[in-house]
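The structure under discussion appears below in the form of structure tokens.
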Amino acid sequence: MSLKTSYRFIAPFYDLFVDRATRAARKRSLARLPQQVLPQQGAAKVLLNGVGTGLDLLYLPLCHEYTALDITAAMLARAQPRADNLNMQCVQGDSMALPFAANCFDYLILHLIVAVVPQPPLCLHEAARVLKPGGRMFLFDKFLQAGERAWLRRALTPLVGQLATRLDVVFEEVMRSAPDLRVITDEPILARGWFRLIELQKVQ
Ligand SMILES: C[S@@+](CC[C@H](N)C(=O)[O-])C[C@H]1O[C@@H](n2cnc3c(N)ncnc32)[C@H](O)[C@@H]1O
């Protein structure tokens, strides 16, 4: 089964299971966006990559231009009404083959997408491609430590990875796919550090 199919069925229940547990982490991650238009930049162009049901949308500053991408129409259909006050367009597309030109976004929000898709390195590589030099991306996701055994999560990945998310992704390995990205901050946020908030910048 593809993730596009399974998330069609997950869509009606997603918020019930995910919203409360992730609210504080999302707020903290999104607070890093400029809260007003920067004189030298104008309204920032922000890509919400794998927007899902739009749980992030409540915490976005109103002043920027948003593009919300997801592969699952049923998830986008839930995100759209949450964008009421935002300048946001929805795009159905694949995070591993983004339908955007290189260097066109100032910020990327990657919440629960890099470690979800079948090929995380391709997802990060694509994210780096569409980010402008000097632009920043904010990740919130679950990553194993390099060398961590986590045998149960690794054993479950072939099954759970087809239905909802991978559980075996090591961030440092994924980073090799995007040599023009630098880590600005990396902090544990949930589940004893399995979930992390990571800020990356594309070199100028
Ligand atoms: C775990 S949810 C995260 C949603 C949202 N970012 C959040 O933080 O709540 C994963 C989302 O990724 C989407 N997705 C899965 N594979 C994708 C792909 N290849 N390209 C784009 N979106 C994808 C799913 O449809 C789902 O909406």
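Computation of the quantities below employed the complete heavy-atom set of this structure, encompassing side-chain atoms and omitting hydrogens, waters and symmetry-equivalent molecules. Keep in mind that what you see is a predicted model, and the values were worked out from it rather than measured. Atoms within each ligand, like the ligands themselves, are counted from 1 in listed order.
Residue-ligand proximity: Cys123 is placed with every non-hydrogen atom at 4.0 Å or more from ligand 1. The shortest heavy-atom distance from Lys4 to ligand 1 is not under 4.0 Å. Contact annotation: Ile113 has at least one heavy atom less than 4.0 Å from an atom of ligand 1. Ligand 1 has no atom lying under 4.0 Å from any heavy atom of Phe140. Heavy atoms of Val117 approach ligand 1 to within less than 4.0 angstrom.
Shown in contact with Arg26 at under 4.0 Å from a heavy atom are these atoms of ligand 1, numbered in order with element: 7 (C), 8 (O), 9 (O). Ligand-side atoms of ligand 1 in range of Asp94: 18 (C), 19 (N), 20 (N), range being under 4.0 angstrom from any heavy atom. Each of the atoms 15 (C), 16 (N) of ligand 1 lies under 4.0 Å from some heavy atom of Leu3. In the vicinity of Met75, heavy-atom distances shorter than 4.0 Å reach the ligand 1 atoms 25 (O), 26 (C), 27 (O).
In this structure, atom 2 (S) of ligand 1 lies nearest to the protein heavy atom Tyr14 OH, 3.4 Å.
Here atom 27 (O) of ligand 1 lies nearest to Asp70 when heavy atoms of Thr72, Asp56, Asp141, Asp70 are compared.
Under the ring-ring contact (aromatic ring centres under 6.0 Å, His included) rule, Phe143 has a single partner from Trp194, Phe195, Phe171, which is Phe171.
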